[in-house]
Amino acid sequence: MKFDPALEIQNFLVFGEFGDVNPSICDSSTYTFLQANTMEGVFEGDIEGCFLYSRQWNPTSRYLCQALSRMEGGEDAQVFASGMAAISSTILELCSAGDEIICGRTVYGGTYALLANLLPRFGIKTHFVDLSDESEIEEKISPSTRLIYTESVSNPLLEVMDLPKLARLCQKRSLKLVVDNTFCPMILSPLRLGADIVVYSMTKFINGASDCIAGAAVGKKDFIKSLVDVNQGVGMLMGPVLDGFRAAGILKNLHTLHCRMQKHSENALILANYLEKTGLKVFYPGLTSHAGHSLLGELMNCGYGYGGVLTVDLGTKANANKFMIQMQEEKVGYLAVSLGYFKTLFSAPGHSTSSEIPESERVKMGINDALVRISVGLDRNMHETWKLIEKCLP
Ligand code: PLP
C-alpha cells in the first residue's frame, strides 16, 4: 500500500493517565529516579527511555515527536521552540568550524540571514546556488562540504526542488540532504524521497492557528540521539526545545492537518486560476503554467493538492501595496507575514519575509517589489471570496 502521512497520524493513538483521549500534559521540568545508579546510567547515555530533564525530553513533547516521525516516515524527531531553532540546531549539529554548506538561492529570508551573516562568525561558510543546476552544485562542492540545504517548495516563488535528484548527488558525495518542508506538510514526504533530515516551522500549517512559534527536525535515530546528547548535543546544550504545553496543543492540531491541507490547496487552486485569467503573472505549482507543476505531481502524496500558498505579480510596488490594503478592508484576510493560518494572510515578500536577502540576490531569484504572497485560508466558498478579491485588483 502507498505511504499516506494522514493514515500514519490517524493510527497514532495514545491515552492519557486517566484514559483521557488526549495524552496527559506533563507539567514537569525534572523527573525522579528510584535508584541513584539509574540516574548515573542515563547521564552516561547507557540507559535510554527514562526522562531526566525537560530540556532533553518531556513526555508530552515526546508524543509529538513520535507522531511527526510517523507522518514523515522517519525514525525519530525533536521539537523546537521555533522553526529557526530547528534549522539552526540541525545545521550546528552537522557542521563544525571550517565546514561548508551548499544552499538553494531561494530560501526563507531568516534562513538566508543565518547562513550568510551569522554562521560565518563561527567559521561555517555557505555557497548559495541554483540547485536546479547540477554543474553549479558540483563546482561548489569541496572536501569541506557537509550538507546541501533546500526548501522542498521555495519561498516566495514556489519553485519545486527535485529532491530525489539532490538525494542521489548527496549520496554520491557523502553529504547530508536537509530539507525545509514548511510549505508542504502531507503533500511531500522528503525523507521518503531521499532526504536525511526534514525540518519544519510548525508555526505555519502544522499548527495552523497562528497562536504559537514552534519547529521540528525529523530524521534517523542516530541524528536525534546526537542532538540530545548530554555532553555535546546542540539540542541539549543550547536549550532550543519546545515546551510541553505547546507540544500538546500542536499534537491535537496535527490530527486535522490532512483536512486543512486539502482545503488550503483546493482554495489556492481556485484563486490561482481566477488570478491567472485576469492576465496577471501567478506563481502556483498547481497551475500548468508553473515550471514545477509536473515535477510536484510526480513527487507528491496523493490527495493533498499543490499547497496553500501562491504569489502574484501586481506590476508595481504601488499596485501591490494598494491591493493588500484593499484586501484587508474587504475582510479577505490580514496584511501579515507568516502562512498556514486558517484565515488568509498576505504580504509583499520583497519588503518582509525575503528582505534579509540583498537586493542583488533578490533580483537573481526573480523577487521584486510588485509581488504579493498569499497564504490562502480555509474559506467555505472560495468563489464567493473571489468576488471580494476581484474588487481589490488595481
Ligand atoms: N522556514 C520557512 C520556509 C519559513 O517560512 C519560516 C518562517 O517564516 C521559517 C522556516 C522560520 O520559522 P519560525 O518563524 O517558526 O522560526
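All ligand and atom numbering here is 1-based and tracks the order in the structure. Computed from a prediction, not measured in an experiment: that's the story for all the values here.
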### Query
Is Lys221 close enough and on-axis enough to Phe223, meaning under 6.0 Å and within 45°, for cation-pi?
no

Donor-acceptor list for residues 241-255 side chains, cut-off 3.5 Å, not counting sequence neighbours:
{"residue": "Asp243", "atom": "OD2", "partner": "Phe245", "partner atom": "N", "Å": "3.0"}
{"residue": "Arg246", "atom": "NH2", "partner": "Asp211", "partner atom": "O", "Å": "3.1"}
{"residue": "Asn253", "atom": "ND2", "partner": "Asn207", "partner atom": "O", "Å": "3.1"}
{"residue": "Asn253", "atom": "ND2", "partner": "Asn207", "partner atom": "OD1", "Å": "2.8"}

### Message
Side chains of Pro285 and His290, heavy atoms from C-beta outward: is any pair under 4.5 Å?
### Response
yes

### Task
Check whether any side-chain heavy atom of Thr145 sits under 4.5 Å from a side-chain heavy atom of Ile101, and report yes or no.
no

Check: residues 228-240 side-chain donor-acceptor pairs under 3.5 Å, at least two apart:
{"residue": "Asp229", "atom": "OD1", "partner": "Asn231", "partner atom": "N", "Å": "2.9"}
{"residue": "Asp229", "atom": "OD1", "partner": "Gln232", "partner atom": "N", "Å": "2.9"}

### Query
Residues two or more places apart in sequence or in another chain: which of them pass ring pair (Phe, Tyr, Trp, His ring centres under 6.0 Å) with Phe128?
Tyr112

Dump all N/O pairs between ligand 1 and the protein below 3.5 Å as a table: atom names plus distance, one pair per row.
{"residue": "ligand 1", "atom": "1 (N)", "partner": "Asp180", "partner atom": "OD2", "Å": "2.6"}
{"residue": "ligand 1", "atom": "8 (O)", "partner": "Lys204", "partner atom": "NZ", "Å": "2.7"}
{"residue": "ligand 1", "atom": "12 (O)", "partner": "Ser201", "partner atom": "OG", "Å": "3.1"}
{"residue": "ligand 1", "atom": "15 (O)", "partner": "Gly83", "partner atom": "N", "Å": "2.9"}
{"residue": "ligand 1", "atom": "15 (O)", "partner": "Ser201", "partner atom": "OG", "Å": "2.8"}
{"residue": "ligand 1", "atom": "15 (O)", "partner": "Thr203", "partner atom": "OG1", "Å": "2.6"}
{"residue": "ligand 1", "atom": "16 (O)", "partner": "Gly83", "partner atom": "N", "Å": "3.0"}
{"residue": "ligand 1", "atom": "16 (O)", "partner": "Met84", "partner atom": "N", "Å": "2.8"}

